[in-house]
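One structure is given here, and the rest of the page talks about it.
Below, chains carry the letters A, B, ... as their sequence lines are ordered, and counting in each starts from 1. The figures here come from the full heavy-atom set of this structure, side chains too, leaving out hydrogens, waters and symmetry mates.
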Protein chains: 2
Amino acid sequence: MELHQLAYFVAAAETGSITRAAERCGVAQPSLSQQVQRLERSVGGRLFDRLGRGVALTDAGRALLPRARAILAEVRDARAHLHEDVEAGEGEFRVGAIPTMAPFLLPRAVAALRTEFPRAAITVREDLTDRLVQAVADGELDCAVASSPIDHERVEVRTVGEEPMVVVVPAGHPLAGADDVALAALRDLPTVTLHEMHCLGRQIAGFCAAKRLGRSVVCRTTQIGTALGLVSLGMGVSIVPRMAARADGAPRAGRVYLEFRGPAPRREVTVLTRAGRAPSRVGLRFAERIREALEEG
Amino acid sequence: MELHQLAYFVAAAETGSITRAAERCGVAQPSLSQQVQRLERSVGGRLFDRLGRGVALTDAGRALLPRARAILAEVRDARAHLHEDVEAGEGEFRVGAIPTMAPFLLPRAVAALRTEFPRAAITVREDLTDRLVQAVADGELDCAVASSPIDHERVEVRTVGEEPMVVVVPAGHPLAGADDVALAALRDLPTVTLHEMHCLGRQIAGFCAAKRLGRSVVCRTTQIGTALGLVSLGMGVSIVPRMAARADGAPRAGRVYLEFRGPAPRREVTVLTRAGRAPSRVGLRFAERIREALEEG
DNA sequence: GGCCATGCATAGGATGTGCCTATGGAATTG
DNA sequence: CAATTCCATAGGCACATCCTATGCATGGCC
């Protein structure tokens, strides 16, 4: 069953004549006759009754006709609408993000993307950095949001912004009333920190180590939200990205956020794509939306 | 854009590799590579980024993928479901009937056919005999209901039954109280008759001529219903097919139906199909349904 | 009834297309 | 740096499509 055979079949059914169908299709009559016969063999039954004066559909032909029309229409549509499908971002688009960014950046970015590209089937994956990098390299993801450092031959890294850290302390803590706080002031305070399986946990540990800041870690969590909860209970102070502080909403009982005095520790927000791939329309907008979410968020 | 090219494209998109796609499709790698390139030229844009290690969809490829899948699925469905489509009577089925039979036979027959072949797209045409015959001969109609005589080389005539005529007289007419009436009793009575453009009109005129029955035609109508109305007004008597009498429902004020005494004039009910065509499943059932409607109606 | 026109099927040959094996070139891997 | 992997290209073969020419059946016409 070939497309041109279906086209010939439809033409013959509509004209009721092999000869006129051949004219319409711009081929010789024997060619069309042959192809119709071949189609009949391929479906295993006659499609036309040969009447001597033209042809008429059999039951099988009557049944095939609407399907043949549908197939040909789909092919025509595919050709005609391919360009606008590209504009509309048609197709599956798979994004990933690390857990310490996903809840703060993805909802807004994905929502914006869905309205901009209503026909894109966007799927989301939340995972640790190295697994995201591997997924992008393997083509399982089209885009991922993570933080430097990323090093993979096949992965292209684009920095879309950076983000300062803030300090969060329990309400009533001696530091709670201050406008801002120096990193050194945190020395030896009981600290709630993020597990170092997260790149953010490693980054914060790195900042502290760089400042030779001894820490008294009283708890390690795997989620920022858990850490914030423990801070509210007075178990210690913590350092979190500002997007987490903003997402925490209106001033909450139990914990107070403080800016760093002077240059704050920062992390970069980067968008990962597979190296060597042509820039994707949806992917480019995704990166922009992540940047907006970061700046406005 | 050919079906096998689309199949190759989908395989390459799903495996992310020309080589593995070729394995899956059972062709050599260069063949698949070539066909993908041909498809790319035919749609006017690259569908894959060649990464050295496999391939990845471009925006255009992403957009084409769902359409290609849809087209291939339709083709698979067409092959798989063609047989059951034939059983279900899938496709357009066009029937015709003459005006003096259509309202009494078609509704019941078509309704039955619609439940039996829910996927058949049945269309109905009401027209005079010779036009129906021509339409069947030209393949514009798959089936038609008419009455003998039909004579056309390309039209096959099947008699599904016959139907007696009855007499209808105004209420209060001298004949109204009789159980039955002889044809001769109608001699010279004022008569309302059907226009001879209808075969029924010609048939009735033929009966009367055969019995040498002079008639005093006071009115000629083009519809049986009109004739019945005029009879109720007392303008004359008329001869109508029994199906019309039955359809007239419960005893109506104004007119009374009488059987003929002895052998009644009759007309045949025939189903017309195009000669040389294989018997159609729906067509065969249609003829049966007409027969049923005639017997039960 | 014989003649011509019409329409589908078949035959045979030219062209084109798909597929193959072999090979080249680029990137990746050990 | 060698070996491997993978896609692209080249050349040849087989088959499929298309063409023209022709056969055969049907329908229409004088």
Is the backbone N or O of B:Val160 less than 3.5 Å from a side-chain atom of B:Arg291, with the two atoms forming a donor-acceptor pair by type? yes
Picking from D:dT17, D:dC18, D:dA8, the nucleotide nearest the side-chain atoms of B:Ser33 would be D:dA8
Touch class at under 4.0 angstrom, heavy-atom based, for B:Phe48 against every strand present: nothing
When all nucleic acid strands are considered with a 4.0 Å heavy-atom cut-off, which category describes B:Thr19: base, sugar-phosphate, or nothing? sugar-phosphate
So, OP1 or OP2 of D:dT17: does either fall under 4.0 Å of a side-chain N or O from A:Arg38? yes
Please confirm whether the backbone N or O of A:Glu90 pairs with a side-chain atom of A:Asp85, one donor and one acceptor, at under 3.5 Å? no
Let me know the distance between CG of A:Leu47 and P of C:dC8, rounded to the nearest Å. 15 Å
A:Leu3 CG to C:dT17 P, in whole Å, measures 16 Å
Please determine, for the side chain of A:Ala28, which listed nucleotide (D:dT20, C:dC8, D:dA16) has the closest atom? D:dT20
Nearest-Å distance, CZ (B:Arg41) to P (D:dA8)? 12 Å
Checking D:dC7, C:dA9, D:dC18 against the side chain of B:Ile18 (C-beta onward), the nearest is D:dC7
Test of ring centre spacing under 6.0 Å for A:Phe117 and A:Phe93: no
B:Gln37 has an atom CD; how far is it from atom C1' of D:dC6, in whole Å? 14 Å
Nucleotide of D:dT17, D:dC18, C:dC19 approaching A:Ser31 most closely (side-chain heavy atoms): D:dC18
Roughly how many Å is it from CG in B:Leu32 to P in C:dT17, rounded to a whole number? 18 Å
Applying a 4.0 Å non-hydrogen cut-off, can you work out what B:Gln34 is touching in the nucleic acid: base, sugar-phosphate, or nothing? base
Within this structure, what is the CD-to-C1' distance between B:Glu23 and D:dT5, rounded to whole angstrom? 12 Å
Send over the distance from B:Gln35 CD to C:dG16 P, rounded to a whole Å. 16 Å
Are A:Arg50 and C:dA9 close enough that a side-chain N or O sits under 4.0 Å from OP1 or OP2? yes
Nearest-Å distance, CD (B:Gln29) to C1' (D:dT4)? 15 Å
From the list D:dA21, C:dC19, C:dC8, which nucleotide is the closest neighbour of the side chain of A:Pro30? D:dA21
Ranking C:dC20, D:dC7, C:dG18 by distance to the side chain of B:Val55, first place goes to D:dC7
Under the side-chain contact (heavy atoms from CB on, under 4.5 Å) test against B:Arg274, which residue among B:Val155, B:Leu141, B:Val136 passes? B:Val136
Taking the side chain as every heavy atom from C-beta outward, state whether A:Arg158 and A:Leu284 have any pair of such atoms under 4.5 Å apart. yes
